[in-house]
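Worksheet: the structure to be examined is printed underneath.
Throughout, protein chains are lettered first and strands after them, A, B, ... in sequence-line order, and every chain is numbered starting at 1.
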Amino acid sequence: MTDVTDNTTIAAPPVERRNSGLRIALYAALGILLVALPLFSGDFYINLASQILIAAIFALSLNLLVGYGGLSSLGHASFLGLSAYFAAWFFTRGGLDHTSAALVALLGTTIVAGFFGLIALRASGLGFLMITLALSQVLWGVAFRWASVTNGDNGLSGMTRPMPFGIDLNGPAAFYWFSLVIFGISFVLMAIFTESAFGSALRGTRDQPRRMAALGFDVWLIRWITFVYAGFWGAVAGLLYVYYHKYIHPTSLSITASAEGLLSVIAGGSGTLGGPVVGSILVVMLKNYASAYVERWNMLLGIVFLVIVIFMPEGLVPGTKRLWKRFTGGAK
Amino acid sequence: MQSSQTRTVLALLAVVLVGALGFSYIASIRSAQFAIVQTLNSLALGGLLFLLAAGFSLIFGLMRLANLTHGALFMLGAYIGANIMRSYEGVSLWVAMLGSGILVALMGGVLERFVLRKLSSNSLGQVLVTLGMSFIIADACLIIWGGDPIPVPTPPDLRAPIRLFGYAFPTYRLAVVVLAIVAAVALYLLLERTRLGAMIRAGVDDMAMARAVGIPVSKLFTAVFMLGAGIAGAAGVLGGPIMSAYPGLDADMLPLALIVVILGGVGSLFGAFVGSFIIGFVYTFGTALLPDLAYVILFLPMILVIAFRPQGLFGRIAA
């Protein structure tokens, strides 16, 4: 039980590098579509898109652990929530300006991630999952109970959006573009991380931790660095989250919030770059549309969990790829 | 053997020490009566946590499955018990406990047999399914029983406190502690002295070999899962007069049970026992002394244990 992943070798899919013209054109079209979205859609959809971008950064950061590191965390909302709380508290109560509050939030959350990593990475597999869950539940309890600081169940309100370079972000379109820029930066930096030599080593520790250790890699350190890096990007998502809502409540630290992130990763396809983004689109849309018709988001979330795990365990993106390959392969 | 006995003694000493320190500190700043009540609260919470954590730990030890529905099963048990006692006049708490335990055990059996069984090769999938199920159960409870807490009446003959040496001892809490200890002894005897227990231990130690010598491991899985679920459900009713049944009870109990298991070590009954009472004391005294930071104080024992013994105080298998 020390290394669950040791016996179950997950064959990494061969990376295809077909930079065909069609593919580049597709990406360019997608990029233009994303940038131009506010020009042709209403406020509701622009806001929905902003929420998806924030959720996607969060899911991408969790995917570094779950997909690339084989470390299933059930407490990733800690970092989103903590960063949002830090920013809101230092801005509304601590008397800091936006830039300093944001820096404190990012730095503070990353330090906490480093500390949590020290604790949680004493175990792997299910132990890691249980410890991350317990740690995040402790933070959730603190947010609820330490009312003199966190304002308890009322949450912290009074947050405003920053004005980077004097640009007002209060309009839906402006905030969307701001989120898109941050999302772009996060996506690229996380992609570089996973595609680098370090990323390969990380995948190595996921598939064959013992062999990696025998080869001289410091498995623990690789995992810890990934944990901290993922915590940092979770904090970035948390900043955007608190700017978007101008408010933060303990539910953002709850197991439901962590589970939504994990569902986005698993539903889209863990260990792929596109998967968590697709998963976030699915989860955010489902949450928004479903809650317009039914009150039971938690029940729906649970059912979606069951359906995904039982019927499409590899996720929508690899699942669809597999079906597509079968389809095109059958046509030959 | 020597070292394990030493550890056992040390751990028990630790529990006694944490309790005694907390007791004398509270007694010095408040009153002895207040300290007595808090100590009994700690012991009662510890007893309930033990019932929850023991099932969780047994299931984890045998099936390598982190059953995240355990908190939800506890809450469901509390609701079913409250419902039985409200619907049928004159039904005692003990009957409600039994009924609720059986119902929750049956639900656990169905969950294990028809869902978890299908995912036996996918341990992350199993965890996610239990998490999904916990959301579904919690939401179903909210639909059926609404958002207001439902009180569970204390049995009439346990309402009056026992008077001893001029102090009042809350009787029901004493009863909870006694029941938890009885359950602990029963579970110990079941595991160590019966054929079923021998088969469970064989499965925990070496699953493949247990199968090879003809132990019906898959039936054992269902039996242990039902046992764990049933104890959790019954514990929900037992906790009812203290905590009542309310939405969010699952989210309050599950992390405590997880910390107990991390502390005591997965798969160890004795670890669950010691861990439960440590957490019971730390959490209760934390809440009494520093209500804002009770959750932060929970960090401390957990971090200490993980730092020095990642497999938990009495864990034989690393999680």
Side-chain angles (χ1 to χ4, degrees), chain A residues 1-5 8 66 70 72 74 115 118-131 133-150 152 254-256 258-259 262-263 266 270 295-310 313, chain B residues 56 60 64-66 68 71 115 118-119 121-140 142-143 250-252 254-262 266-267 287 290-299 302-303 305-307 309-312 315 317-319:
Chain A
M1 205 54 201
T2 42
D3 290 307
V4 191
T5 46
T8 53
V66 177
S72 308
L74 249 180
F115 179 60
L118 282 181
I119 306 170
L121 286 171
R122 297 283 289 182
S124 62
L126 290 176
F128 176 83
L129 183 137
M130 279 160 57
I131 297 173
L133 175 57
L135 288 172
S136 81
Q137 289 290 90
V138 168
L139 279 189
W140 169 82
V142 171
F144 246 115
R145 298 283 175 80
W146 200 5
S148 56
V149 170
T150 63
S254 69
I255 184 174
T256 315
S258 291
L262 195 56
L263 181 63
I266 309 264
S270 62
E295 277 177 55
R296 312 250 77 96
W297 166 239
N298 270 356
M299 178 156 301
L300 193 66
L301 183 68
I303 292 171
V304 173
F305 250 105
L306 256 64
V307 169
I308 295 272
V309 172
I310 294 172
Chain B
F56 184 96
F60 195 110
R64 303 292 189 271
L65 163 71
L68 298 182
V115 185
K118 306 256 182 294
L119 298 162
S121 60
N122 174 3
S123 76
L124 178 61
Q126 285 184 323
V127 179
L128 296 179
V129 163
T130 60
L131 182 65
M133 279 306 297
S134 78
F135 289 153
I136 294 174
I137 293 173
D139 221 29
L142 193 60
I143 296 175
D250 56 335
D252 282 343
L254 181 67
L256 293 179
L258 277 181
I259 294 177
V260 164
V261 173
I262 292 169
V266 281
T287 311
L290 293 165
D292 284 351
L293 294 176
Y295 264 87
V296 185
I297 300 171
L298 280 178
F299 264 127
M302 193 170 120
I303 291 167
V305 167
I306 290 174
R309 269 186 73 83
Q311 71 273 46
I317 44 171

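For B:Leu293, the part lying under 4.5 angstrom from a heavy atom of chain A is the side chain only. Interface residue A:Thr256: backbone and side-chain heavy atoms are both found under 4.5 Å from chain B. Contacts between B:Val296 and chain A at a heavy-atom distance below 4.5 Å involve backbone atoms as well as side-chain atoms. Proximity to chain A is absent for every atom of B:Ala138, based on heavy atoms less than 4.5 angstrom apart.
Side-chain contact between A:Leu126 and B:Val266 is absent, with no heavy atoms from C-beta onward closer than 4.5 Å. Side-chain atoms of B:Met302 and A:Val138, non-hydrogen and from C-beta on, never get closer than 4.5 Å to each other. In this structure, the side chains of B:Val129 and A:Phe305 stay at 4.5 Å or more apart for every pair of heavy atoms. Proximity of B:Asp139 to A:Leu301: side-chain heavy atoms (C-beta onward) are nowhere separated by under 4.5 Å. Looking at A:Met130 and B:Ile262, their side chains come closer than 4.5 Å, going by heavy atoms from C-beta outward. At a threshold of 4.5 Å between non-hydrogen side-chain atoms, the residues A:Phe115 and B:Ile303 count as touching. Put simply, the side chain of A:Leu133 reaches to within 4.5 Å of the side chain of B:Leu68, judged on heavy atoms.
For the set A:Ile255, A:Ile131, A:Val149, A:Ile303, the entry with the most heavy-atom pairs within less than 4.5 Å of chain B is A:Ile131. When A:Leu262, A:Ile310, A:Leu135 are compared by the number of non-hydrogen pairs under 4.5 Å with chain B, A:Leu135 comes out ahead. Of the listed residues (B:Ser134, B:Ala140, B:Gly132), the greatest number of heavy-atom pairs within a distance under 4.5 Å of chain A belongs to B:Gly132.
For A:Trp146, the CH2 atom is loosely surrounded, since the number of other residues' heavy atoms within 6.0 Å does not exceed 12.
When each of A:Ile308, A:Ile266, A:Leu129 is checked for a side-chain contact (heavy atoms from CB on, under 4.5 Å) with B:Leu128, only A:Ile266 meets the rule.
Of the inter-residue distances, the one linking A:Arg145 atom CZ with B:Thr287 atom OG1 reads 6.5 Å to the nearest 0.5 angstrom. To the nearest 0.5 Å, atoms CG (B:Leu258) and CD (A:Gln137) are separated by 8.0 Å. Atom CG in B:Leu124 sits 8.0 Å away from atom OG in A:Ser270 (nearest 0.5 Å). Summarising the geometry, atom CG belonging to A:Leu121 is positioned 11.0 Å from atom CD1 belonging to B:Ile306; distances are rounded to the nearest 0.5 Å.
Here the shortest heavy-atom pairing between A:Ala134 and B:Ile259 reads CB-CG1, 3.9 Å.
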